[in-house]
Number of protein chains: 2
Amino acid sequence: MSRPPHAAEHEALAAEHEALAAEHEVLAAEHEVLAAVLHVREGSLHVLLWQRALGPDRGRWALPGGRLGEAESLDASIRRQLAEKVDVRELSHLEQLESRGEPARMPGARVVATAYLGLVPGDARPQLPTDTRWHPIDELPEMAFDHAAVVEAARQRLRSKLSYTNLGFALVPPVFTLSELAGYYRAALGHDVDGTNLQRILVRREQIEPTGERLPSGPGGGRPAALFRFRVRALQVTDEFAVLHPPRP
Amino acid sequence: MSRPPHAAEHEALAAEHEALAAEHEVLAAEHEVLAAVLHVREGSLHVLLWQRALGPDRGRWALPGGRLGEAESLDASIRRQLAEKVDVRELSHLEQLESRGEPARMPGARVVATAYLGLVPGDARPQLPTDTRWHPIDELPEMAFDHAAVVEAARQRLRSKLSYTNLGFALVPPVFTLSELAGYYRAALGHDVDGTNLQRILVRREQIEPTGERLPSGPGGGRPAALFRFRVRALQVTDEFAVLHPPRP
DNA sequence: TCGGGTTTCCGCCTACTAGTCGATAACTGC
DNA sequence: GCAGTTATCGACTAGTAGGCGGAAACCCGA
């Protein structure tokens, strides 16, 4: 059983909270939403971060997010908050990840956070505010609060869902070649992926289908690649699990 | 390639966002924690519910839970709340499930809820308060608020985690026969489970091991059953997924 | 137009796993 | 000892992922 805090303690906390809220031009709130928006670019997985210019942890990099509004659902709120940093119409997927409520996760105020995983297709190049950038997920900068842990959770979630859902649709452009597809999976999974095998698995699961068209060959020649697309561009769970393993030694 | 959004478009977006933020006066939403505690008894999966005697939805059945304390983490809070309904020392597993924040999920106050999945081993018979009972998960009574959805999420989580983790340890007594083990899995998964196959899978994964002892035969005779135990009684993720399928037709 | 270089695609092979089933072992009770 | 019962073990089957080599389809230079 946890004891109720002393009144004095409580008031001090409330005062500090007020100050912080004033600084941010927002009233006191206890709940925030965050999103780790992931995106494959230049062959590796990136995450969307913005650099804090004010408040605690200024200078560090943070996930997009903010306080929950009065009449907002969690989903609606994260969409609204994300709109500040990126064109939400570019988002191909969004799902809830986890909530964190350690009392000391942020200095000053007590804030419970609900984190989301967001995905942006590989061909999208949304315009970003000046304080916001894509960071390679393997070289994260100094992160604010507990946001690094959220990024790690997002990466894990993506990795496993690629194995037993059609979540790949959210990583790739509407139409793609098999080599490109393998490249996206390689970046997201963090290990090598055999194109032949990937094709067989996804075709068998009826996740992807050929469009019938083919891309012209590159400058060096080579057989022109056939184009594919995902049949369904919304999350579906495969009845049979199938893990994409790293290659055998 | 997607075209970059026009600058004007971007500004319009930002303006819209300002308006939205102003409209959504931020308020201190209350936060509660809930747990769907599952338990296999008499061959079927049950969930722990208590009947509301006061307030909204009185008479309906609810999950254990309550408001988050000032200096409590979410995990600490759900443990404290659960202690009101069941001896928490009987809990073999507890993990976070999902958070719900629809503004109208409870009448009156705005309450964001973080739900947990709890498990109690099959041999435990914890004492319960008079308002609290185990309910078969297939015959839920009239449920309060959105608690029925939470129960469904918990069941799904259990089902899938049995396939790619050692979560079975949390369902069974410290020591068990293979028939008993198959019975627990059958109840939790909701479909038939072949004991031979289950044994091979779990032994191969090094999840279970024979204790060397054997149970005396029952009244009708029969070969005495060997006893097994889980090697590790804490959650571990199997590197290779392996789904326990329903039997083939 | 022919041949070398390049990339993609396709079919075959292998290893391994889950699911099934029947035979055998180890008991009880008559 | 024999019939009945339950548990255990081993062998068989079907299906899947991973890997590899060769054929296909293109470019380009001679």
Side-chain angles (χ1 to χ4, degrees), chain A residues 159-160 162-164 168 175-186 189 191-229 238-249, chain B residues 159-160 162-164 168 175-186 189 191-229 238-249:
Chain A
R159 277 183 57 113
S160 50
L162 281 180
S163 286
Y164 66 93
V175 148
F176 47 87
T177 69
L178 285 177
S179 319
E180 286 166 5
L181 182 65
Y184 285 114
Y185 272 76
R186 205 169 292 135
L189 291 173
H191 63 70
D192 206 16
V193 172
D194 180 51
T196 301
N197 197 21
L198 185 62
Q199 173 186 22
R200 193 164 21 83
I201 292 174
L202 296 189
V203 168
R204 228 185 61 77
R205 300 270 146 79
E206 296 182 345
Q207 285 187 21
I208 63 174
E209 63 187 359
T211 67
E213 315 216 332
R214 36 183 60 226
L215 218 56
S217 316
R223 178 171 175 166
L227 290 174
F228 287 77
R229 69 171 148 249
T238 314
D239 53 344
E240 321 219 349
F241 282 60
V243 180
L244 303 165
H245 286 105
R248 288 201 250 263
Chain B
R159 277 182 55 114
S160 49
L162 282 179
S163 286
Y164 66 94
V175 147
F176 47 87
T177 69
L178 286 176
S179 319
E180 287 165 6
L181 182 65
Y184 286 114
Y185 272 76
R186 205 169 291 135
L189 292 172
H191 62 71
D192 207 14
V193 172
D194 179 51
T196 302
N197 197 22
L198 185 63
Q199 173 187 20
R200 192 161 27 81
I201 293 174
L202 297 189
V203 168
R204 226 185 64 77
R205 300 269 146 81
E206 296 182 346
Q207 285 186 22
I208 63 174
E209 63 186 359
T211 67
E213 315 216 332
R214 35 184 59 228
L215 219 57
S217 315
R223 177 170 176 165
L227 291 174
F228 287 77
R229 69 171 148 248
T238 314
D239 54 342
E240 322 219 347
F241 282 60
V243 179
L244 303 165
H245 286 105
R248 290 201 248 261

- Item | By salt bridge (Lys or Arg N to Asp or Glu O under 4.0 Å) - contacts of B:Arg159 (at least two apart) | none

- Rounding to a whole Å, what distance do you find between A:Asn197:CG and D:dT16:C1'? 9 Å

- Query: Rounded to the Å, how far apart are A:Asp194 CG and C:dT14 P?
  - Reply: 18 Å

- Query: Which comes earlier along DNA chain C counting from the 5' end, the contact point of B:Pro219 or that of B:Pro246, where each point is its nearest nucleotide?
  - Reply: B:Pro246

- Expressed in angstrom and rounded to an integer, what is the separation of B:Arg186 atom CZ from C:dG19 atom P? 14 Å

- Message: Output the rounded distance in Å from NE2 (A:His191) to P (D:dG19).
- Response: 11 Å

- Query: With distance as the sole test, does B:Thr238 use its side chain to make a donor-acceptor pair with the main-chain N or O of B:Tyr164 at under 3.5 Å?
  - Reply: yes

- Task: Starting at atom CG of A:Leu215, determine the distance to atom C1' of D:dA25, rounded to an integer number of angstrom.
- Result: 14 Å

- Message: Does A:Arg200 reach a base, just sugar-phosphate, or nothing at all? Heavy atoms under 4.0 Å.
- Response: base

- Item | A:Arg186 side-chain N/O to A:Val193 backbone N/O, donor-acceptor pair under 3.5 Å | yes

- Report the end-to-end axis angle of the helix from C:dT1-D:dA30 to C:dC30-D:dG1; each axis comes from five terminal pairs, and the value is rounded to 10°. 20°

Atom pairs, N/O to N/O, protein against nucleotides 7-9 of chain D, distance under 3.5 Å?
| unit_1 | atom_1 | unit_2 | atom_2 | d |
| --- | --- | --- | --- | --- |
| D:dA7 | OP1 | B:Ser179 | OG | 3.2 |
| D:dA7 | O4' | B:Arg223 | O | 3.4 |
| D:dT8 | OP1 | B:Ala226 | N | 2.4 |
| D:dC9 | N4 | B:Thr196 | OG1 | 3.4 |

- Message: Please report the distance, rounded to the nearest Å, between CG in A:Leu198 and P in D:dG18.
- Response: 9 Å

- Query: Given that B:Ser217 and B:Leu244 both sit by DNA chain C, which one's nearest nucleotide is further toward the 5' end?
  - Reply: B:Leu244

- Message: B:Leu227 vs B:Phe176, test: side-chain contact (heavy atoms from CB on, under 4.5 Å). Steps then yes/no.
- Response: CA-CA 5 Å; B:Leu227 291 174; B:Phe176 47 87; 5.8 Å; no

- Item | Closest non-hydrogen atom pair, B:Phe228 against B:Thr211 | C-CG2, 3.9 Å

- Rounded to whole angstrom units, what separation is found between the NE2 atom of A:His245 and the P atom of C:dA15? 18 Å

- Query: Has B:Glu213 got more than 12 heavy atoms of other residues, nucleotides or ligands less than 6.0 Å from its CD?
  - Reply: no

- Looking only at heavy atoms, which two atoms of B:Ile201 and B:Leu244 are closest? And how far apart? CD1-CD2, 3.7 Å

- Hey, is the main chain of B:Gly222 close enough, under 3.5 Å, to the side chain of B:Ser217 for a donor-acceptor pair? yes

- Task: Starting from C1' on C:dT17, measure out to CD1 on B:Ile201 and report it in whole angstrom.
- Result: 9 Å

- Shortest non-hydrogen contact from B:Leu215 toward B:Glu180: CD2-OE2, 4.4 Å

